[in-house]
Amino acid sequence: MAHPVIHAEIRSVDPDATRAFFAALFDWKVASEGAFPGYTFIDTGVENGPYVATSPLQGAEDEVLFCVGVDDVDATLRRAEELGGTIVQPA
């Protein structure tokens with residue numbers, strides 16, 4: 001299996017300002033509101049590209065996260081730990 005980036009998320013203390021910044025920089029547009037207040041999916045203008053979202057902080061600092069498609073999530077998380085990684089958000 002290929003391991004494509006299937007989802008990317010930009011979390012910030014001010015998601016409205018973050019959306020405005022990327023709209024001005026890249027002409028990204030809000031595609032739809034998510035179920036979580038302040039969470040929005042973004043239309044980056046790329047057909048069949050990864051899902052991109054902006055959202056409020058869910059931790060102490062601004063962050064960008066991305067999700068990669070794998071066949072076995074648990075095995076991949078174990079391998080990440082074997083390689084020295086730290087699981088911040090379990091499956």
Side-chain angles (χ1 to χ4, degrees):
M1 161 181 199
H3 296 97
V5 173
I6 56 174
H7 180 87
E9 216 169 280
I10 304 164
R11 295 177 177 173
S12 75
V13 69
D14 189 343
D16 291 331
T18 300
R19 281 187 290 280
F21 173 81
F22 285 109
L25 183 64
F26 298 130
D27 200 30
W28 289 0
K29 298 176 179 31
V30 171
S32 65
E33 297 290 326
F36 189 78
Y39 190 98
T40 53
F41 288 100
I42 302 298
D43 177 359
T44 63
V46 176
E47 276 191 52
N48 301 317
Y51 291 102
V52 175
T54 59
S55 74
L57 289 183
Q58 296 179 26
E61 301 175 4
D62 287 357
E63 61 186 344
V64 174
L65 69 98
F66 61 96
C67 303
V68 177
V70 298
D71 288 325
D72 186 332
V73 173
D74 292 326
T76 302
L77 291 175
R78 281 192 303 277
R79 181 67 179 140
E81 287 181 312
E82 289 168 6
L83 292 170
T86 302
I87 307 307
V88 201
Q89 183 174 335

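Atoms considered below: every heavy atom in the structure, side chains included; atoms not considered: hydrogens, waters and symmetry mates.
The shortest heavy-atom contact between Ser12 and Thr18 is OG-OG1, 2.6 Å. When all heavy atoms are compared, the tightest approach of Glu9 to Ser55 is OE2-OG, 3.7 Å. Between Ala75 and Asp72, the shortest heavy-atom distance links the atoms N-OD1, 3.0 Å. Annotation for Ala31 and Asp43: closest pair CB-N, 3.8 Å, computed over non-hydrogen atoms. Nearest heavy atoms, Val13 versus Leu57: N-CG, 3.6 Å. When all heavy atoms are compared, the tightest approach of Pro56 to Pro37 is CG-O, 3.3 Å.
Classified by interplanar angle (parallel below 30°, tilted 30° to 60°, perpendicular above 60°), the ring pair His7/Phe41 is perpendicular.
Counting only heavy atoms from C-beta outward, the side chains of Ile10 and Phe22 approach each other to under 4.5 Å. Arg79 places a side-chain heavy atom less than 4.5 Å from the side chain of Leu83. The closest side-chain heavy-atom distance from Trp28 to Val52 is below 4.5 Å.
Dense packing is recorded around CD of Glu82, with more than 12 heavy atoms of other residues, nucleotides or ligands lying under 6.0 Å away.
Hydrophobic cluster membership is shared by Phe21 and Phe26, with clusters built from Ile, Leu, Val, Met, Phe, Trp and Tyr side chains linked at under 4.5 angstrom. Cluster annotation: Val46 is not connected to Val5 through the hydrophobic network of ILVMFWY side chains, with a link wherever side-chain heavy atoms come within less than 4.5 Å. Ile87 and Val64 are members of different hydrophobic clusters when ILVMFWY side chains are connected at heavy-atom separations under 4.5 Å.
Note that OG1 of Thr54 and CZ of Arg11 are 11.5 Å apart. Values are rounded to the nearest 0.5 Å.
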